[in-house]
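Start at 1 and go down the list; that is how both ligands and their atoms are numbered.
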Amino acid sequence: MCGIVAYIGQRDVVPVIMKGLHRLEYRGYDSAGLAIHGPSGLEVYKRRGKVSELEDWVQDKNISSHIGIGHTRWATHGEPNDVNAHPHLSPDGKIAVVHNGIIENYESLRRHLLAKGYTFRSETDTEVLAVLIADFQKEHGFDLERAVRMALHRVVGAYLVAVLSTDEPNTLVVARKGSPGVIGIGDDEFLVASDATPIIEYTKRVVYLNEDELAVISDKGLTLKNLKNEQRSPEIEQLDLELTAIEKEGYPHFMLKEIYEQPKTVRDCLRGRLRANEATIKLGGIREYAEHLNRAERVVFLACGTSWHAGIVASYLFEDLCHIPATSDYASEFRYRNPVIREGDVVLVISQSGETADTLKAIDMVKERGGIVLGICNVVGSSISRETHEGVYTHSGPEIGVASTKAFTGQLAVLTLIALKLASERSTLSAMRLNQLLRDLDQVPQKIEEVLTQNDHIKAIAEQYAKVKNMLFMGRGAQFPIALEGALKLKEISYIHAEGYPSGEMKHGPIALVEEATPSLFLCFKDGNYEKVFSNIQEVKARKGKVIVIGEQGDAELEEISDAFIGVPAIDPVLMPMVSVVALQLFAYHMGVLNGRNVDQPRNLAKSVTVE
Ligand code: F6R
């Protein structure tokens with residue numbers, strides 16, 4: 001949610017910031033801006049719209065500097081317009097601020113500053129911070145670092161902020177609480193960004209900002225301090241990220257590239273962990289708490305959105321394979337209930353970004369109640385990976401398309417590994433069944449490859465249905481969360497209204513929607529629910545509803561009854577979610593493209609949801 005990039009060094013800052021903002025645009029894209037130190041003080045250029053619009057606009061303005069801050073916005077306070085876009089200036093024009101996060105007490109701070117005679121131009125929470133910093137400078141003569149620190153002591157909320165001041169034109173101050181920030185250290189240059197993607201082009205040496213930490217970066221170098229003014233020496237890490245991982249590499253969209261990467265990303269996820277020949281699973285990320293998990297009396301999965309769907313699939317797997325009571329809950333609901341966490345419970349949180357605000361808050365709550373929290377994350381070093389007791393990375397690589405695809409199959413792969421490991425520890429599966437599942441799991445990447453060969457066929461089906469207004473997605477068992485995921489993908493990418501249901505619920509309401517203009521998509525596999533789902537399909541057909549079916553390749557009967565059929569390769573039903581979902585991702589992708597949508601940056605969405 002919002003992306004920040006800042007630079008200080010020898011280069012012209014404008015192209016560095018523009019390129020960085022393009023890389024961060026997946027985090028928010030309703031307006032963009034930058035501030036630089038110009039010949040006569042701070043210059044701010046900002047406007048509603050995409051980064052490319054800002055870039056075109058500033059092109060002929062002939063601006064340059066060696067220091068600057070930039071921002072791409074996902075609006076929280078105030079509609080997306082030129083005034084509410086960041087950076088925000090203090091009324092005296094001496095302080096410029098970009099901010100990712102939310103200032104929860106901004107109303108009271110605003111009232112306090114209004115009473116002191118300050119005025120505001122925007123409706124944002126961020127402008128309050130710019131004014132507050134300027135006020136500390138004016139009233140107490142503080143330098144920039146101290147003024148920022150004092151202002152942040154007054155702030156309740158979450159932030160990554162980058163601040164410039166006319167009094168110190170060679171200094172950049174950044175600070176973090178609850179929103180990630182990375183500092184890249186080059187030769188005589190520093191970059192700061194919300195994630196590493198704007199940095200890798202210039203340097204692979206980075207320092208991750210800690211919680212409640214402030215960095216002062218100037219021509220004298222980098223100083224890190226916490227908000228209590230205690231210094232720490234920077235721990236420089238080497239980025240494990242290649243530029244190609246964040247480029248489209250010939251694909252028309254990141255989403256399509258990421259869908260096609262799945263055979264590789266699932267392989268990467270299993271590599272070194274699954275040893276199918278030896279029938280073993282090694283999970284380096286869960287050691288100290290492995291026994292807790294082995295003895296767990298209940299497992300609770302917490303997540304939001306697509307990751308929550310992975311949690312539902314996992315809850316079915318854990319009950320089926322490990323005989324552990326398991327539930328999956330929205331983190332945003334869980335934290336506002338009064339949930340019971342007992343000794344012997346293990347909570348697994350699932351998050352691609354590792355920054356989702358509700359999931360982070362749910363972790364705090366579980367920890368406060370004495371629970372053990374394990375994380376399944378994609379982004380290495382993210383807040384969730386740090387806040388959980390232990391965890392397993394999905395190793396799916398950067399996911400730039402806003403709609404999650406490869407991160408989801410990565411989550412399913414990790415959750416399946418954990419479930420099978422646990423089943424082995426708890427002896428809840430026969431050795432024969434366990435070994436077969438391990439061998440089949442090893443085959444998943446290949447099965448996904450086979451689904452990808454159907455891309456043209458899936459596109460042709462999407463062409464037939466591209467203009468529908470509503471769709472139903474249905475499945476049973478572990479295919480029910482996949483139906484939910486298919487519906488979510490379709491609505492976020494194409495803006496077509498779609499609902500996911502367990503097909504057994506169809507007669508309890510959704511069947512009222514069935515008519516020729518509202519197609520139903522069924523997931524129907526030979527998994528013990530086959531006859532039931534088949535009957536549901538017939539019931540829809542009997543009411544003249546069009547039916548798209550995803551089933552096993554070669555299922556002639558199913559193909560016969562469907563208006564459109566997508567056959568995917570057979571695999572054990574326990575593993576089928578990782579395979580069937582790929583067909584749904586391709587379907588949603590083509591529906592989005594055929595409807596002229598920006599599938600990588602769908603309206604109103606942002607990749608990492610760092611506000612509640
Ligand atoms: C949908 C999607 C979102 C995320 C959700 C949680 O395609 O990507 O629903 O799954 O916002 O995000 P993470 O996994 O980063 O916690």
Closer than 4.0 Å to some heavy atom of [X] - which atoms of ligand 1 meet that?
| X | value |
| --- | --- |
| Gln352 | 13 (P), 14 (O), 15 (O), 16 (O) |
| Ser307 | 10 (O), 13 (P), 14 (O) |
| Lys489 | 1 (C), 7 (O) |
| Ser351 | 13 (P), 14 (O), 15 (O), 16 (O) |

Heavy atom of Glu355 under 4.0 Å from ligand 1? no
Can a non-hydrogen atom of Val402 be found less than 4.0 Å from any atom of ligand 1? yes
For the pair His389 and Tyr289, name the ring-plane relationship: parallel under 30°, tilted 30 to 60°, perpendicular over 60°.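 Tilted.
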Apply side chain to side chain contact (heavy atoms under 4.5 Å, CB included) to Ala85 and list each qualifying residue two or more places apart in sequence or on a separate chain. Ser31, Lys46
Which one holds for Thr306 and ligand 1: side chain close, backbone close, both close, or neither close, with close meaning a heavy atom under 4.0 Å? both
Under 3.5 Å, side-chain donor or acceptor atoms of residues 303-311 against the rest of the protein: list the pairs with distances, not counting sequence neighbours.
unit_1	atom_1	unit_2	atom_2	d
Thr306	OG1	Glu485	OE1	2.9
Thr306	OG1	Glu485	OE2	3.3
Thr306	OG1	Lys489	NZ	3.1
Ser307	OG	Gln411	NE2	3.0
His309	ND1	Glu485	OE1	2.8

Residues Asn100 and Arg176: side-chain donor-acceptor under 3.5 angstrom: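 Looking only at side-chain atoms, Arg176 and Asn100 do not form any donor-acceptor pair under 3.5 Å.
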Is it true that the side chains of Glu25 and Thr72 contain a donor and an acceptor less than 3.5 Å apart? no
For [atom], the protein heavy atom that lies nearest, with its residue and separation:
| atom | result |
| --- | --- |
| atom 6 (C) of ligand 1 | Cys304 O, 3.3 Å |
| atom 16 (O) of ligand 1 | Thr356 OG1, 2.4 Å |
| atom 11 (O) of ligand 1 | Val609 CG2, 3.9 Å |
| atom 7 (O) of ligand 1 | Glu492 OE2, 2.5 Å |
| atom 15 (O) of ligand 1 | Ser353 OG, 2.6 Å |

Salt bridge (Lys or Arg N to Asp or Glu O under 4.0 Å), that's the test. Do Glu201 and Lys19 meet it? Break it down for me. CA-CA 10 Å; Glu201 205 155 332; Lys19 203 173 219 183; 2.5 Å; yes
Is there a polar contact, in the sense of an N or O pair closer than 3.5 Å, between Gln411 and ligand 1? no
Ligand 1 and Thr359, any nitrogen or oxygen pair closer than 3.5 angstrom?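 No, no N or O pair falls under 3.5 Å.
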Would you call Lys406 and Glu399 a salt bridge, taking side-chain N to carboxylate O under 4.0 Å as the test? no
Ring centroid separation Tyr465 to Phe587 under 6.0 Å: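 Tyr465 vs Phe587: aromatic centres not under 6.0 Å.
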Quick check with a 6.0 Å cut-off and a 45 degree axis cone: is Arg73 positioned over the face of Tyr29's six-membered ring?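 Judged by the rule, Arg73 and Tyr29 form no cation-pi pair.
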